[in-house]
**Student:** 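Before I ask anything, let me first share the structure, which is written out below as structure tokens.
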Amino acid sequence: MEFERELLKGSTETLLLSLLTHEPMYGYQLLREMERRSRGYFHFKEGTLYPALHRLERENLIEALWMSAPAGQSRRYYTITGQGRRALARRTSVWSSFANAVTMVMQTQGSAS
Amino acid sequence: MHSLALYLRDLRGHLRLEPEVQRDALQELRTHLEDRADELVAAGWPREEATAEAIRLFGDPRAIARQLSEVHATGSWLSVALASLPHLLIGLLFAFHLWLNPFWHIPILMLMGAVGGIALLRGRPVWAYSWLGYALFPVMLGSLLALIGLGQAAWYVLTRGYILTSVGVWIAIVLLAPPALFASCYAVLRLSRRDWLHATLLVTPYPVLAISLLIFSRGSHTEFLAADTSTALVLLFVALAVAAAVRLGRRFLKIAILLLVVPLAPLLIAQSIEGDAKLFLALLLGLPALLLLLSPLLLSFGSRAAAQRTSQRPSR
């Protein structure tokens with residue numbers, strides 16, 4: 001459980017950037033979308049989402065704008081920036097290499113035992 | 001009070017953001033909690049339980065407030081430059097021995113007041129406190145004079161066994177000190193309400209200026225010139241410490257850097273004094289410097305306790 005939490009902590013910002021590549025979303029929508037796409041696997045204290053979003057905003061990787069949601073209420077929508085897309089491409093590449101390397105090591109260990 | 005309002009009030013109490021950012025952040029968190037509660041209500045939960053569950057899922061308000069504050073605590077390079085600039089300007093006045101010349105110090109203090117005042121009205125950025133600190137110094141001078149007078153008295157009693165200062169000076173101190181002290185405490189208390197660290201940034205140069213005035217009033221001409229150069233150097237260190245405090249994200253690092261650098265100032269300036277009194281003078285002023293920097297924290301404890309007592313009083 002602790003291991004999962006650490007893994008999630010390190011990748012939350014990348015996951016958020018990834019979710020924002022297709023359309024602007026507000027905080028709660030992002031959370032629901034993350035739960036839906038991971039089929040409920042990613043589950044964390046909801047409030048921790050906002051420091052991560054604000055950090056991405058401060059780093060100019062995303063932009064925020066108050067807009068009306070379809071139901072009429074005002075929501076703070078986040079959009080990925082060009083800089084954010086480039087950062088996501090780099091992180092995705094690093095993540096793929098890392099995940100491949102971990103899988104290879106694990107498989108080698110599995111076949112050796 | 002409604003549990004959501006209580007939760008948000010608790011969170012707001014621990015947030016340390018610029019007013020506009022804070023308003024936006026609280027509104028954003030509120031809509032999230034309301035969305036979650038609405039969804040639970042739509043799934044058949046009673047409203048009160050749905051709100052309590054939304055709050056539980058959201059997490060510890062203090063931890064969230066701390067994390068959000070840390071994200072926004074890192075000042076931009078422009079803020080860093082603007083927060084350091086007043087210390088460097090006053091440092092230059094000391095370096096060129098111009099600080100006693102009204103032709104120089106009056107316009108500079110007026111400039112500090114204007115820039116600090118405008119910044120205060122336009123969202124209170126963190127760098128405003130460096131400018132306001134110098135602009136408010138003449139008001140604070142009354143309280144500092146009282147402290148210096150007491151320090152001098154103690155010094156003469158300890159070293160010579162009698163008080164040298166004249167009766168007229170003592171009467172002036174007694175007349176000037178109470179209103180100046182009241183105005184100073186009131187200003188610092190008002191500014192500590194949102195974040196005591198801002199008030200600490202405001203009083204940061206005061207120990208440095210206090211010891212310079214002390215050396216000017218008691219020292220020889222050589223000591224005075226040497227003290228001016230030391231003060232300029234110390235203000236350069238203060239500018240760097242303030243820059244680091246504005247730029248660093250971690251709150252304890254901001255506090256640590258100010259609390260370490262500023263009490264060292266008397267030790268550095270005291271090097272200009274001739275004779276064996278250096279260490280004693282540095283210790284005599286280093287401790288009040290530390291207390292002065294911590295005074296906004298102590299004042300904010302007092303005002304928070306009073307606010308809590310008021311809010312806990314049962315309404316009739």
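Chain A is the first sequence line, chain B the second, and so forth, proteins listed ahead of strands; every chain is numbered from 1.
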**Student:** Is it true that atom CZ of Arg62(B) has more than 12 heavy atoms of other residues, nucleotides or ligands lying nearer than 6.0 Å?
**Tutor:**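 Not buried by this count: 12 neighbours or fewer within 6.0 Å.
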**Student:** Counting only heavy atoms not in Glu35(A), do more than 12 fall under 6.0 Å of its CD?
**Tutor:**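 Counting other residues, nucleotides and ligands, CD of Glu35(A) exceeds 12 neighbours.
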**Student:** Tell me, side chain or backbone of Arg58(A) under 4.5 Å from chain B's heavy atoms, or both, or neither?
**Tutor:**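 The side chain, not the backbone.
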**Student:** Using a heavy-atom distance cut-off of less than 4.5 Å, which residues of residues 86-102 of chain A contact chain B?
**Tutor:**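 Contacts with chain B: none.
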**Student:** Of the listed residues (Gln29(A), Arg55(A), His54(A)), which shares the most heavy-atom pairs with chain B below a 4.5 Å separation?
**Tutor:**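 Option with the top pair count is His54(A).
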**Student:** When only heavy atoms count and the cut-off is under 4.5 Å, which of residues 27-41 of chain B reach chain A?
**Tutor:**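 Gln27(B), Glu28(B), Leu29(B), Thr31(B), His32(B), Asp35(B), Arg36(B), Glu39(B) fall under the 4.5 Å cut-off.
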**Student:** Can you tell which part of Asp24(B) gets under 4.5 Å to a heavy atom of chain A, answering side chain, backbone, both or neither?
**Tutor:**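 Backbone plus side chain of Asp24(B), per the 4.5 Å heavy-atom cut-off to chain A.
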**Student:** For a quick test of reading the model, state the closest non-hydrogen atom pair linking Pro51(A) to Ile64(B) and the distance between them.
**Tutor:**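 Residues Pro51(A) and Ile64(B), closest heavy atoms: CG-O, 4.3 Å.
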